[in-house]
Protein chains: 2
Amino acid sequence: MSSNTRQKMIEITARLVQAKGYHGTSLNEILQKSDAPRGSLYFHFPGGKKTLVLEAMKAGIEEVSTAVKSSMENSDDPAEGVMSNYQVLAQAMKESNYQMGCPVSSVVLDMPDIESELAEICREAYNLWNEVYYGAFVKAGIEPERALRLAKTVQAASEGAILMARSEQSIQPIEDIGKEMADMVSHVAGQKTQQ
Amino acid sequence: MSSNTRQKMIEITARLVQAKGYHGTSLNEILQKSDAPRGSLYFHFPGGKKTLVLEAMKAGIEEVSTAVKSSMENSDDPAEGVMSNYQVLAQAMKESNYQMGCPVSSVVLDMPDIESELAEICREAYNLWNEVYYGAFVKAGIEPERALRLAKTVQAASEGAILMARSEQSIQPIEDIGKEMADMVSHVAGQKTQQ
DNA sequence: CTTACTATGATGACCGGTCTATATTATATG
DNA sequence: CATATAATATAGACCGGTCATCATAGTAAG
């Protein structure tokens with residue numbers, strides 16, 4: 001059977017954590033929105049809140065990862081891939097009323113203790129996403145060192161774009177920044193290719 | 001006399017909110033770290049936590065604002081200004097053990113109710129910082145529309161760089177992204193100037 | 001009868017906020 | 001100069017509510 005209660009809790013937790021951060025999300029609200037009893041939570045997630053949030057983050061990270069991969073792979077021009085990636089992000093934010101953006105950033109800003117398992121998975125997420133960009137850039141002929149910096153920049157700009165979009169309740173920043181970043185990528189790729 | 005208790009509370013709150021977000025910061029901890037009694041808090045900040053955090057954010061926003069202005073004004077080349085700005089950011093993060101970065105981002109990700117006064121000041125902060133970059137870029141001969149997009153991008157990338165630096169506990173991302181952004185700015189400025 | 005899951009509610013810690021009482025300082029008045 | 005008065009600030013007990021956690025019991029299915 002593999003109860004759907006567990007899955008439901010994960011999805012709801014993912015949304016709440018992105019919307020209000022780790023500390024701002026209460027188990028009571030998760031329970032209420034999941035329409036589940038208290039005991040179920042500790043049955044499915046023996047470690048309590050931490051474990052539940054961890055699962056929710058893992059799910060979100062995987063989702064973002066496949067989205068980025070899909071954007072970059074379905075276009076041989078990396079600049080085009082970056083642009084399409086920002087467009088996907090814009091739509092996702094709009095559809096979620098600007099609540100869903102990055103599954104880890106709210107936790108990064110909520111967790112001062114860098115030694116926790118939660119912090120560890122945040123680090124891994126950034127690396128994972130970076131590698132997708134990096135691979136695409138190298139494949140496009142950009143030299144590795146530059147490709148790495150560029151990947152980080154594309155990633156960072158999209159994180160910042162999410163913050164601004166949330167704040168302004170508009171996809172305008174995402175579109176603007178996406179356009180700039182695509183331009184930058186095509187500039188760098190052009191430089192390195194035409195030699 | 002204008003007690004220094006008030007100022008002390010603001011500074012400590014600013015640090016705590018940046019480190020753990022709005023919900024993750026408790027009045028008890030602020031009180032304890034400020035070495036002040038409970039009554040003093042509600043004397044100096046009648047609105048309670050919200051008012052206190054608001055003041056702390058205002059102070060932080062102003063601080064960042066002057067830092068960015070200083071970086072951009074003390075260099076006629078905007079690319080150089082951007083680079084220096086990222087360097088200042090890197091040092092600030094390192095000195096604070098990667099706790100201090102942006103005074104508003106943790107609140108943006110913590111506040112689902114966009115109608116609040118807290119959310120309003122976040123919006124204003126982004127605009128304020130953007131205008132500094134925008135002004136410098138226009139002054140360097142970049143056409144207004146492009147300058148606006150570029151300003152947002154530089155801003156967004158630095159927000160993202162903060163997240164990554166915090167997560168990795170390293171200034172490497174800030175340096176890498178700063179280099180890329182400076183390169184991008186000089187590229188755009190070069191385009192528009194040499195006509 | 002066991003395994004998987006649901007259901008309920010007690011527990012103690014901590015939350016932000018309110019209250020009254022006291023101390024300190026500044027100003028006014030004689 | 002001395003004293004009264006008011007404004008400023010400190011001090012901490014206390015409240016109702018919510019937090020995450022956990023113990024225990026019920027239910028359903030194979």
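Order of the sequence lines fixes the chain letters, A, B, ..., with proteins taken first and strands second; residue numbering starts at 1 for each chain.
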Problem set entry | Contact residues, residues 19-41 of chain A to DNA chain C [heavy atom, < 4.0 Å] | A:Pro37, A:Arg38, A:Gly39, A:Ser40
Exercise. In whole angstroms, how far is the P atom of D:dT10 from the CD atom of B:Gln7?
Worked result: 13 Å
Seminar exercise, completed: From OH of B:Tyr42 across to C1' of C:dA21 the rounded distance in Å is 19 Å
For this session: State whether the number of non-hydrogen atoms from other residues, nucleotides or ligands found under 6.0 Å of B:Asn127 atom CG is greater than 12.
Result: yes
For this session: Could you work out which one of C:dG16, D:dA9, D:dT21 sits closest to the side chain of B:Lys49?
Result: C:dG16
For this session: Please write out which residues are connected to B:Leu148 in a hydrophobic cluster, directly or through intermediates, given that two of Ile, Leu, Val, Met, Phe, Trp, Tyr count as joined at side-chain heavy-atom separations below 4.5 angstrom.
Result: B:Tyr134, B:Val138
Exercise. In terms of heavy-atom contacts, does CD of B:Glu117 have more than 12 from other residues, nucleotides or ligands at under 6.0 Å?
Worked result: no
Exercise. Less than 4.0 Å between a side-chain N and a carboxylate O, is that true for B:Lys20 and B:Asp110?
Worked result: no
For this session: Determine whether more than 12 heavy atoms belonging to other residues, nucleotides or ligands lie under 6.0 Å from atom CG of A:Asp77.
Result: yes
Exercise. Rounded to the nearest Å, what distance is computed from the NE2 atom of residue B:His44 to the P atom of nucleotide D:dA11?
Worked result: 10 Å
Exercise. Of the candidate nucleotides C:dC5, C:dT18, D:dT8, which contains the atom at the shortest distance from the side chain of B:Phe43?
Worked result: D:dT8
For this session: Keeping to residues at least two apart or across chains, list the side chain to side chain donor-acceptor pair (under 3.5 Å) pairs with something in residues 84-101 of chain B.
Result: B:Arg15-B:Gln99, B:Ser71-B:Ser84, B:Asn85-B:Tyr133, B:Gln91-B:Glu95
